[in-house]
Amino acid sequence: METVTTVAAVRERAREWRREGRRIAFVPTMGNLHAGHVSLIEAAARHGDRFVASIFVNPMQFGPNEDFAHYPRTPREDERMLAAAGCHLMFLPDVAEIYPRGLERSVRIEVPELSTILCGQFRPGHFEGVATVVTKLFHIVEPDMAVFGEKDYQQLTVIRRLVADLCMPVEIVAAPTVRESDGLAMSSRNRYLTPAERQVAPRIFEELGRAAARLASGDSDFAGIEGAGTAALESAGLRPEYFSVRTRDLGPPSPHSRELVVLAAARLGRARLIDNVQVTR
Ligand code: PAF
């Protein structure tokens, strides 16, 4: 695996592959890779024959009081993991390479409506930062396809809308959430949990599962299901930001909706945890 830090170097390699008729698969990440990321690389391997991964902790998607400065950065371990997973090119830019005119003067991409609901309500500007960096990365790598985890369901939905609206020729592939044995969705932020909090954290998945079972059995009391999920998380010691039943494109559900998703975000100690479960009924 080759590691490069400049836009020019990525472009050169990607163009060479394109001339050879290779199909390029791309996995954008913020690093501190775990088994969840490896599953994204494996999904990429099923769709392309050259794999690029980026590692960039994107300052634009962090709010002023969020964990940008403390976000775990482990580039050497990430490099080893990517090489072992069969990645061909690791792109490890610094902030000036991605935002050469500075964050404040950068063009920004806004995805209306989807960016201001759910997590967007609690993290203003977050999805604008995600949409902007993903657009830039897509223009740099020019992949045929890119993989995003279903754990960040709203992010996946925002990116699908972005790609459709801007007519980007990139196929978006969703990779299922990878979980610990007790159900907790894998996340770099799980390392913020104390051992006691770590015991409580799987309650999110448990309550999402309970809500999903009610929906699957035909229950359409969405407000009741959301209220029960919120109350259960609170009584377990979490501080829920939302517990919400939505259609798969994150619209409001109706009793006739067949394809649903239940999403939750909750704070636990220093960590902010998100998860979701899809339901078909
Ligand atoms: O999911 C992530 O790790 C990030 O939001 C992404 C997509 C790499 C953009 O910075």
Side-chain angles (χ1 to χ4, degrees), residues 7 10 25-41 43-44 51-63 66-75 77-78 81-82 85 87 89-99 103 106-111 114-115 118-120 122-141 143 145-163 166 168 170-178 185-192 263 265 271-276:
V7 171
V10 179
F26 177 45
V27 181
T29 81
M30 297 207 299
N32 191 237
L33 304 182
H34 48 67
H37 294 104
V38 172
S39 82
L40 303 185
I41 308 276
F51 320 121
V52 182
S54 60
I55 296 195
F56 179 63
V57 184
N58 172 33
M60 197 188 275
Q61 69 188 72
F62 288 79
E66 293 185 353
D67 56 346
F68 175 68
H70 306 289
Y71 195 85
R73 288 161 172 88
T74 51
E77 284 157 44
D78 295 344
M81 267 176 104
L82 287 174
C87 182
L89 187 69
M90 164 166 140
F91 179 37
L92 187 69
D94 64 15
V95 172
E97 188 68 14
I98 298 295
Y99 299 110
L103 272 192
S106 170
V107 168
R108 286 170 186 254
I109 307 286
E110 198 201 320
V111 179
L114 280 178
S115 290
L118 303 169
C119 285
F122 296 89
R123 302 187 69 188
H126 169 68
F127 290 111
E128 186 178 272
V130 170
T132 301
V133 81
V134 168
T135 302
K136 280 173 165 266
L137 291 167
F138 281 2
H139 283 301
I140 295 166
V141 178
M145 55 83 59
V147 188
F148 293 86
E150 283 179 348
K151 176 184 166 269
D152 297 304
Y153 189 91
Q154 188 174 2
Q155 168 172 282
L156 177 64
T157 311
V158 164
I159 287 163
R160 284 193 162 130
R161 175 78 56 84
L162 167 80
V163 163
L166 296 185
M168 295 183 185
V170 184
E171 181 195 344
I172 302 299
V173 171
T177 303
V178 179
M186 286 195 185
S187 163
S188 301
R189 290 188 168 105
N190 291 349
R191 63 162 57 191
Y192 298 152
L263 308 99
R272 180 177 184 278
L273 305 173
I274 59 170
D275 201 351
N276 66 87

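Keep in mind that this is a model prediction, so the values were computed, not measured. Quick note: numbers below take in every heavy atom, side chains included, and nothing from hydrogens, waters or symmetry partners. In each ligand, atom 1 is the first atom listed, and ligand 1 is the first ligand listed. Position 1 is the first residue of the sequence; numbering continues from there.
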Main-chain N/O of R108 paired with T132 side-chain donor or acceptor, under 3.5 Å: no
Atom CZ of R189 with >12 non-hydrogen neighbours under 6.0 angstrom: yes
What is the nearest protein non-hydrogen atom to atom 3 (O) of ligand 1, stated with its residue, atom name and distance? M30 CG, 3.5 Å
Heavy-atom contacts with T29 under 4.0 Å: which atoms of ligand 1 show up? List them by number with element. 8 (C)
According to the interplanar angle, ranging from 0 to 90°, do the rings of F138 and F26 count as parallel (below 30°), tilted (30 to 60°) or perpendicular (above 60°)? perpendicular
Looking at ligand 1, does any of its N/O atoms fall within less than 3.5 Å of an N/O of Q61? yes
Could you list the atoms of ligand 1 found under 4.0 angstrom from a heavy atom of V133? 9 (C), 10 (O)
Report the nearest protein non-hydrogen atom to atom 2 (C) of ligand 1: residue, atom name, distance rounded to 0.1 Å. Q155 NE2, 3.8 Å
Taking atom types as modelled, is there a side-chain donor on Y71 or N58 under 3.5 Å from an acceptor on the other? no
Check whether any side-chain N or O of T177 sits under 3.5 Å from a backbone N or O of A185 as a donor-acceptor pair, and report yes or no. no
